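This report concerns only the one structure given below.
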2 protein chains.
Amino acid sequence: MADISRPSASPGASPLFLREDEIRRGVELLYFGYTRLTNAIDQELGKQGLGRAHHRALYFIARQPDLTVGELLRLLAITKQSLGRVLKELHDRDLVVTKTGSLDRRQKLLRLTDKGAVLESELFAQLRERLSAAYVTAGQESVTGFWHVLEGLVPESDRQMVFDLRKEKS
Amino acid sequence: MADISRPSASPGASPLFLREDEIRRGVELLYFGYTRLTNAIDQELGKQGLGRAHHRALYFIARQPDLTVGELLRLLAITKQSLGRVLKELHDRDLVVTKTGSLDRRQKLLRLTDKGAVLESELFAQLRERLSAAYVTAGQESVTGFWHVLEGLVPESDRQMVFDLRKEKS
DNA sequence: GAGATATGTCAGCCATGTTGACGTATCTTG
DNA sequence: CAAGATACGTCAACATGGCTGACATATCTC
């Protein structure tokens, strides 16, 4: 059993070992790709005294203005207490505003202020720089492959939520 | 400027907006794909009283037996104090052993114990399940595209280190 | 032998997640 | 319309896993 964690790299390795190596390659690239991409914005965030948790909230609010608190909670998959702290800080810094929902007055709709939008787009610019460089190097075909594999990693139950980010709110 | 963070979805959108949407799609899929994949092993880790930090160390030690502490530090990109805590816990639980380097006696070479190898392969099985399902759904061409884009996200300075994981130690 | 390097460790701090409990406003339903 | 469900907020305590700074030891290199 212990051998499974150490595949042979010999030329005649069995299909099982090749498969293992392909999986490990994916795990590692996903780890390094994701962490190095997020590292790209840490310096900028640090200047503002914010952390990654703040960026995730800013990002999704930018992506879908008038997002409700509940929707954001589902996207981030954290507790409302954790999110509450983050939203409070964003609000205190005039980066985010909330307004009462018009259809359901219990809901709070989230939006970036102008200041928040400026910050988010500065952060996004860093992500764009890295990701578009990777897209260009890899080519359009690779990019669609990249998307397909990642879509397959999102559990069925979350997939609609993720796809809906690309739509305008109704 | 604020508009940049909210692309139009209209059919006649300019190339700039299409480009933005492609970047955001990648950011989101990378976020959801990575976090959902790592979620897959949280339950198993919890049973052992370990966290993700422990898994990352276990993973890389499994991947490259006789890895030195310094190499692991560079892979994880954390401080030696943080790693020290993790390695101590893994050692206390008989999951990892160290031996003095033969070429350079200052180094400590890290290896999994049999018990550690069993645990790592159980965790890896979860990752394999998710990732291979995504590979199969997407198809081999998509998988190579997935790898190419992610390789482009790893900074030049880290790339050799990441590629070297696939080799045996000399 | 002097200085650089690899590793370990103490101590304290911070960011960001968790659980549990409880309050208020608003919507929905019998 | 009253009762219960839902959306949101908040207090308090705690866990994980990062961080900095300071300092010690063994070993290697020149």
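Throughout, a chain's letter reflects where its sequence line sits, starting with A, and its residues are numbered from 1. Not measured: the values here are computed from a predicted model.
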Quiz item: Between C:dT18 and A:Arg85, is there an OP1 or OP2 to side-chain N/O distance shorter than 4.0 Å?
Solution: no
Exercise. By nearest nucleotide on DNA chain C, pick out whichever of B:Leu73 and A:Arg56 is the more 5' one.
Key: B:Leu73
Quiz item: When the distance from CG of A:Leu76 to C1' of C:dT18 is rounded to whole Å, what number comes out?
Solution: 15 Å
Quiz item: Does B:Ser82 have a side-chain nitrogen or oxygen under 4.0 Å from the phosphate oxygens OP1 or OP2 of D:dG17?
Solution: no
Quiz item: When the distance from CD of B:Glu89 to P of D:dA15 is rounded to whole Å, what number comes out?
Solution: 13 Å
Self-check item: Integer-rounded Å distance: C:dT26 P and A:Leu109 CG
Solution: 14 Å
Quiz prompt | Contact check, side chains of A:Glu22 and B:Val143, non-hydrogen atoms, under 4.5 Å | solution = no
Practice problem: Report yes if at least one side-chain N or O of A:Thr79 is closer than 4.0 Å to OP1 or OP2 of C:dT18; otherwise report no. | Solution: yes
Quiz item: How do A:Arg106 and A:Lys80 order along DNA chain D: which one's closest nucleotide is nearer the 5' end?
Solution: A:Arg106
Quiz item: Atom CG of B:Leu67 to atom P of C:dA6: distance rounded to whole Å?
Solution: 14 Å
Quiz prompt | Rounded distance (Å) that lies between atom P of C:dT7 and atom NE2 of B:His91 | solution = 15 Å
Quiz item: Any side-chain heavy-atom pair from A:Lys115 and A:Leu95 closer than 4.5 angstrom?
Solution: yes
Practice problem: May I ask you to verify if any side-chain N or O of A:Lys88 is less than 4.0 angstrom from the OP1 or OP2 atom of D:dG9? | Solution: no
Quiz item: Between C:dG17 atom P and B:Leu45 atom CG, what is the distance in whole Å?
Solution: 18 Å
Quiz item: If you measure from the Lys or Arg side-chain nitrogens to the Asp or Glu carboxylate oxygens, is any gap between B:Glu156 and B:Arg159 under 4.0 Å?
Solution: yes
Quiz prompt | Nearest non-hydrogen partners of B:Glu120 and B:Leu58, listed with the distance | solution = CG-O, 3.9 Å
Quiz item: Rounded to whole angstrom units, what separation is found between the CG atom of A:Leu83 and the P atom of D:dG9?
Solution: 8 Å
Quiz item: Quick one: is C:dT16 close enough that its OP1 or OP2 comes under 4.0 Å of any side-chain N or O from A:His54?
Solution: yes
Practice problem: Indicate, with a heavy-atom threshold strictly under 4.0 Å, whether A:Gly70 touches base, sugar-phosphate, or nothing. | Solution: sugar-phosphate
Exercise. Check whether any side-chain N or O of B:Arg105 sits under 4.0 Å from OP1 or OP2 of D:dT25, and answer yes or no.
Key: no
Self-check item: Polar pair under 3.5 Å, donor/acceptor by atom type, side chain A:Gln81, base C:dG20
Solution: yes
Quiz item: Between A:Thr100 and A:Gly49, which has a closest nucleotide on DNA chain C that is more 5'?
Solution: A:Gly49
Quiz prompt | Distance, rounded to the nearest Å, where A:Leu90 contributes CG and C:dA15 contributes C1' | solution = 14 Å
Quiz item: For the side chain of B:Ala53, counting heavy atoms from C-beta on, which of C:dG17, D:dG17, C:dA11 is nearest?
Solution: D:dG17
Quiz item: Does the ring centre of B:Phe32 sit less than 6.0 Å away from the ring centre of A:Phe163?
Solution: no
